[in-house]
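Hydrogens, waters and symmetry mates play no part in the numbers below; they use all other heavy atoms, side chains included. So you know, we letter chains A, B, ... as the sequences are listed, proteins then strands, and number each from 1.
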2 protein chains.
Amino acid sequence: MRTEGRAKRLPRAVRERQIMDAAVDVFSRLGFHAASMDEISEVAGISKPMLYAYLGSKDELFATCIRREATRMMEAIATGVEPDQEPDVQLWSGLRAFFGFVGENRASWQVLHRQASNQGGPFAAELTDMRGRAVSLVAALLTQSTKAPATKLEAESLAAALVGAGESLAEWWLDHPEEPAGVVAARLMNLVWMGFGDLVEGNVWHPPSRR
Amino acid sequence: MRTEGRAKRLPRAVRERQIMDAAVDVFSRLGFHAASMDEISEVAGISKPMLYAYLGSKDELFATCIRREATRMMEAIATGVEPDQEPDVQLWSGLRAFFGFVGENRASWQVLHRQASNQGGPFAAELTDMRGRAVSLVAALLTQSTKAPATKLEAESLAAALVGAGESLAEWWLDHPEEPAGVVAARLMNLVWMGFGDLVEGNVWHPPSRR
DNA sequence: CAGTATTCTTACTCGCGAGTAGGTACCAGG
DNA sequence: CCTGGTACCTACTCGCGAGTAAGAATACTG
């Protein structure tokens, strides 16, 4: 008496999605090393050779995961920010979009940040690449401000710091999920735009009153 | 015709140091997973059973590495900061000490940051622990400022962001070694103390003129 | 329904690396 | 020169997990 009969035969495209979802889930929970192809196939509800037939080796699979999730995230952010606004407003909407994405895609975020960042394989390139794009984006934002940082190096390093702060804060957020995304985003916005100096004085940044 | 004769017999304490140095080196270059005990023993100039006799399993060895390097770093920072100064000066000296350490201990830093951060094993605890100590330190610094962040949560999250910014900037620095430590540290100091808002206006932070 | 393409599985191989058994050189002190 | 102890090695075992061979079951097409 099978409870479910036999799993249905599905077209390749659909299976690939299922497998990718399972892979992101397992990689995010266990990390690249501890995740085994056997477990991924089990979670995906198929057998191991399918994995290899459809997605190639473990390294390829992981790289594909990174690429997919990175793209999803960058798109989410790009959608959230309006390019014709003032720099501070752009930054603000970017931060909101970022924390919004992380909040709703814990697994994606963990794969991207925790797992990919240190695995020295060929896939690190994917992650480094996305990170680079994010940094460039922010750097461009900074340079576009009037009396902005003089050297290109300076803008880039500040952007790297900001991106790192965002990543780190997102990580911290995972351990304090009770805080809403907007609050966390606002906090970072205040830090990077006003600085501690102003915060200590009681000066805070707030979005220009719409409407 | 051996070039070097036979390696000398050394007392246990000395060997342990050698092994730890080799382990940090290999772990930092290859990551935890890709690093094999065989390679570590080879770099250390001894044979594998010595590793196990002296430092225990691979996990134990790695945890010991993390602990040693983390301690070294925290001490370096603690030495660099004078506790009776104004908050901004304390932060400044802390940042200088941090970047100074990273600049002179690339391998240590890579083991700490890149490798340990994601390996989900028992040693992640070591790293999380040190990171927590750093965050608490900074959080205390913030709370000690007069009109500082109201909630404990707020201070802690800002501290997490700052620490993340530091880590990220250090990472960026590895790819741009031509910049001196002091410049990088000053940049981060300006970012977190003045904020982009002030930087855009041309207001920069500078240390109170000593002497 | 024959023929063919595609989905999917069971049941392996095989190398790599963690960990070990058992023994050898070297140095004390009596 | 024996006795014991510590530093050190060669040469294994053994499990785990990546990757595969060979074929079974199902769907499409004329």
Side-chain angles (χ1 to χ4, degrees), chain A residues 2-27 29-66 115 119-123, chain B residues 2-27 29-66 115 119-123:
Chain A
R2 296 296 186 80
T3 55
E4 197 59 53
R6 185 63 148 191
K8 305 197 66 162
R9 284 163 62 99
L10 294 175
R12 175 162 184 160
V14 178
R15 275 287 189 237
E16 280 186 354
R17 276 190 68 97
Q18 284 186 5
I19 295 174
M20 295 284 292
D21 292 343
V24 168
D25 175 45
V26 174
F27 279 135
R29 288 202 329 269
L30 306 181
F32 177 78
H33 169 54
S36 72
M37 293 300 257
D38 291 88
E39 171 141 11
I40 292 173
S41 66
E42 191 178 343
V43 170
I46 55 155
S47 67
K48 203 161 41 147
M50 295 297 301
L51 267 183
Y52 287 88
Y54 285 172
L55 277 314
S57 72
K58 188 182 184 181
D59 284 16
E60 286 176 84
L61 172 61
F62 190 64
T64 308
C65 286
I66 305 277
Q115 313 311 335
Q119 238 65 33
F123 22 73
Chain B
R2 297 294 186 84
T3 52
E4 196 60 52
R6 186 65 149 189
K8 306 196 67 165
R9 283 164 62 99
L10 294 175
R12 173 162 185 157
V14 178
R15 276 286 188 237
E16 280 187 354
R17 276 190 67 98
Q18 284 185 6
I19 295 175
M20 294 284 293
D21 292 343
V24 169
D25 175 45
V26 174
F27 279 135
R29 286 202 331 268
L30 305 180
F32 176 78
H33 169 53
S36 71
M37 295 298 260
D38 291 88
E39 171 140 11
I40 293 174
S41 66
E42 190 178 343
V43 170
I46 56 155
S47 67
K48 204 161 41 148
M50 296 297 301
L51 265 184
Y52 287 88
Y54 285 172
L55 278 312
S57 70
K58 187 182 183 181
D59 285 16
E60 287 177 84
L61 172 61
F62 190 64
T64 309
C65 286
I66 305 276
Q115 313 310 335
Q119 239 66 34
F123 23 73

Between D:dA7, C:dC8, D:dT10, spot the one nearest the side chain of B:Met50, thanks.
D:dA7
So, does A:Arg15 get its side chain near the phosphate of C:dT6, meaning an N or O under 4.0 Å from OP1 or OP2?
no
Whole angstroms only, please: what is the CG-P distance between A:Leu51 and C:dT7?
15 Å
B:Ser47: side-chain hydrogen bond (donor to acceptor under 3.5 Å, both in side chains) partners, not counting sequence neighbours:
none
d(A:Arg9 CZ, A:Arg15 CZ) to nearest 0.5 Å is 10.0 Å
Mind calculating the distance between OH (A:Tyr54) and C1' (D:dG19) to the nearest angstrom?
18 Å
What heavy-atom pair brings A:Ile46 and A:Leu51 nearest, and what distance separates the two atoms?
CD1-N, 4.2 Å
Angle between ring planes, A:Phe62 versus A:Phe27, binned at 30° and 60°: parallel, tilted or perpendicular?
perpendicular
Distances under 3.5 Å between nitrogen or oxygen atoms of protein and nucleotides 16-21 of chain C:
unit_1, atom_1, unit_2, atom_2, d
C:dA18, OP1, B:Lys58, NZ, 2.9
C:dA18, OP2, B:Met37, N, 2.8
C:dA18, N7, B:Lys48, NZ, 3.4
C:dG19, OP2, B:Tyr52, OH, 3.4
C:dG19, OP2, B:Lys58, N, 3.1
C:dG19, N7, B:Lys48, NZ, 3.0
C:dG19, O6, B:Lys48, NZ, 2.6

Hey, does the side-chain of A:Arg9 have a donor or acceptor N/O within less than 3.5 Å of a partner on the base of C:dT6?
yes
Compile the donor-acceptor pairs under 3.5 Å between side chains in residues 34-42 of chain B and protein atoms, sequence neighbours left out, one pair per line.
unit_1, atom_1, unit_2, atom_2, d
B:Ser36, OG, B:Glu39, N, 3.1
B:Glu39, OE2, B:Arg29, NH2, 3.3
B:Ser41, OG, B:Met37, O, 3.3
B:Ser41, OG, B:Asp38, O, 2.7

Length of the line joining A:Glu16:CD and C:dC8:C1', which is rounded to integer Å
15 Å
Please list, chain by chain and in numerical order, all residues satisfying side chain to side chain contact (heavy atoms under 4.5 Å, CB included) with B:Met20, sequence neighbours excluded.
B:Leu55, B:Leu61, B:Thr64, B:Cys65, B:Arg68
Between D:dA25 (C1') and A:Leu10 (CG): distance, integer Å
15 Å
Write out the stems for DNA chain C, ordered by first number and formatted as range with range, counting runs of at least 3 consecutive Watson-Crick or G-U wobble pairs under 3.5 Å.
C:1-30 with D:1-30
Side chain to side chain contact (heavy atoms under 4.5 Å, CB included) partners of A:Arg17, counting only residues at least two apart:
none
Whole angstrom value for the distance that separates P of D:dT10 from CD1 of B:Ile46
12 Å
